[in-house]
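Note that this is a predicted model, so its numbers are computed, not measured. Within every chain, numbering begins at 1; the chains are lettered A, B, ... in the order of the sequence lines, protein sequences first and strands thereafter.
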Number of protein chains: 2
Amino acid sequence: MAGTSFAERTETRLDNAERLCAAHGSRLTDLRRQVLGLVLEAARPVGAYDLLDGLRADKKGAAPPTVYRALDFLLEEGLIHKIERLSAFVGCTHALDGSHTEAGHPHAAQFLICTGCGQVTELDDHGILHALIDATRHIGFTVRHSTVEAEGLCAACRDVATA
Amino acid sequence: MAGTSFAERTETRLDNAERLCAAHGSRLTDLRRQVLGLVLEAARPVGAYDLLDGLRADKKGAAPPTVYRALDFLLEEGLIHKIERLSAFVGCTHALDGSHTEAGHPHAAQFLICTGCGQVTELDDHGILHALIDATRHIGFTVRHSTVEAEGLCAACRDVATA
DNA sequence: TTCAAATATGTTACATTATAACGTATTTTG
DNA sequence: CAAAATACGTTATAATGTAACATATTTGAA
């Protein structure tokens, strides 16, 4: 059993994740749970090699494939997202906090990256998704998955900048 | 002078690019012109190291920074875009083919990546941009730059798949 | 239950993408 | 022309990601 212990809120979310996995016949193993925990405990998007460092506190010989395989699994389950512009990963608030027992389906997700504080906010805005689908439909393109990432300033950082 | 010679259409677009640069006081040097030419001649998004190989046909000792510096310049000028999901670069049709003499301003740009044929189509759809701005405004986030990339099937590849 | 198949993880090596740091050349400007 | 700014050359290395194969664990069917 992994020695790492996480904050209570994180454990709750991990339990949610475990239920979601069970619900579609996949297993949130100790290793995967631990990697997801490390992602969730980070205040901001985490890189794969930061996660690897975190893992090594517990499992001395961990290597890159250990982390990447866990990340691939978590991405497929929709439990985390990859922020492409940052090559980093965040927990999916939609899946882990929401009342959505129907995970797995890739949902619309948009990410707001604040260049001031580094925080990333996840949106799940249907208007954006529909605008994208509308724009692509009439040229015959079928969207399977979309990446929407906006860089800018969050409310708090903008206020600081204006002051 | 660089020995590489490009198709006529490409030269035309390079001339456009040169005018755009001149219009805001930057220089499309031989090197930058050559890198842009290589991007434009590629049927699909090109990686930095593919460009490096292309460069080396002409300049034997070229090294990664040679290419990356040229790419940084071209990105800043809005002459190319980076497709984050592919770590690859495409010419900006908006800037190079359009009647838009007012380059430099980052415009709304969305990319449709066909997983069938690898082609990437650039959209410049205001509906998507506005949906994004609407969704972010009411939470106080100010968008400075956005990345929108959709993966799916273009009309041609979808027809093949359905057949 | 017991073995075969499927799944998950360990381990080594390497591929790909990107940048730091410093020196030289070229261009621009006073 | 000389100084400053800009662009480029060169070496080394950082950061991100994967291939390939071995071992362990779990699952499922006989």
For this session: Determine the minimum heavy-atom distance between L79(A) and C21(A), stating which atoms define it.
Result: CD1-SG, 3.9 Å

Exercise. At what angle, to 10 degrees, do the two end axes of the helix from dT1(C)-dA30(D) to dG30(C)-dC1(D) meet, given five pairs define each axis?
Worked result: 30°

For this session: Nearest whole angstrom, please: distance from the P of dC8(D) to the CZ of R33(B).
Result: 14 Å

For this session: Measure the distance from CZ on F73(B) to P on dT6(D) and round it to the nearest whole Å.
Result: 12 Å

Exercise. Given atom CG of L75(A) and atom C1' of dG17(D), what is their separation to the nearest angstrom?
Worked result: 13 Å

For this session: Write out all pairs satisfying salt bridge (charged side-chain N to carboxylate O under 4.0 Å, His left out) with one or both partners inside residues 113-140 of chain A, taking only residues at least two apart or from two chains.
Result: D134(A)-R137(A)

Seminar exercise, completed: Residue pairs meeting salt bridge (charged side-chain N to carboxylate O under 4.0 Å, His left out), one or both in residues 150-163 of chain A, sequence neighbours left out, come to R85(A)-E151(A)

Problem set entry | Partner set under salt bridge (Lys or Arg N to Asp or Glu O under 4.0 Å) for D15(B), not counting sequence neighbours | R33(B)

For this session: Show which residues join L129(A) in its hydrophobic cluster (side-chain heavy-atom contacts under 4.5 Å, direct or indirect), or state none.
Result: I133(A)

Problem set entry | Qualifying residues under salt bridge (Lys or Arg N to Asp or Glu O under 4.0 Å), relative to R9(A), sequence neighbours excluded | D97(A)

Problem set entry | Under the side-chain contact (heavy atoms from CB on, under 4.5 Å) test, residues paired with T136(A) that sit two or more places apart | L132(A), F141(A), V143(A), L112(B), L123(B)

Exercise. Given atom CG of L52(B) and atom C1' of dT16(C), what is their separation to the nearest angstrom?
Worked result: 12 Å

Exercise. How far apart are the C-alpha atoms of R19(A) and N16(A), what are their side-chain angles, what is the distance that settles it, and do they pass the side-chain hydrogen bond (donor to acceptor under 3.5 Å, both in side chains) test?
Worked result: CA-CA 5 Å; R19(A) 267 189 295 279; N16(A) 287 343; 2.8 Å; yes

Exercise. Linking Ile, Leu, Val, Met, Phe, Trp and Tyr by side-chain heavy atoms under 4.5 Å, what else ends up with F111(A)?
Worked result: I83(A), L86(A), V90(A), I113(A), V120(A)

Exercise. Separation of D30(A) atom CG from dA8(C) atom P, in whole Å?
Worked result: 13 Å

Sequence neighbours left out, cut at 3.5 Å: what donor-acceptor pairs do the side chains of residues 59-72 of chain B make with other protein atoms?
{"unit_1": "T66(B)", "atom_1": "OG1", "unit_2": "A63(B)", "atom_2": "N", "d": "3.3"}
{"unit_1": "T66(B)", "atom_1": "OG1", "unit_2": "A63(B)", "atom_2": "O", "d": "3.1"}

For this session: Any chance you could list the contact pattern along nucleotides 9-16 of chain D? Use B for base contacts, S for sugar-phosphate-only contacts and - for none, protein heavy atoms under 4.0 Å, 5' to 3'.
Result: BBB----B

Problem set entry | All pairs passing salt bridge (charged side-chain N to carboxylate O under 4.0 Å, His left out) where residues 37-52 of chain B contributes a residue, at least two apart | none

For this session: Take the protein atom CG of D72(A) and the nucleotide atom C1' of dT7(C), then report the distance between them rounded to whole Å.
Result: 15 Å

Seminar exercise, completed: Contact string for nucleotides 24-30 of chain C, one letter per nucleotide 5' to 3', B = base within protein heavy-atom range under 4.0 Å, S = sugar-phosphate only, - = neither, reads ---SS--

Problem set entry | Distance in angstrom units between L74(A) CG and dT9(C) P, rounded | 10 Å

Exercise. How long is the line joining CG of L71(A) and P of dT18(D), in whole Å?
Worked result: 10 Å

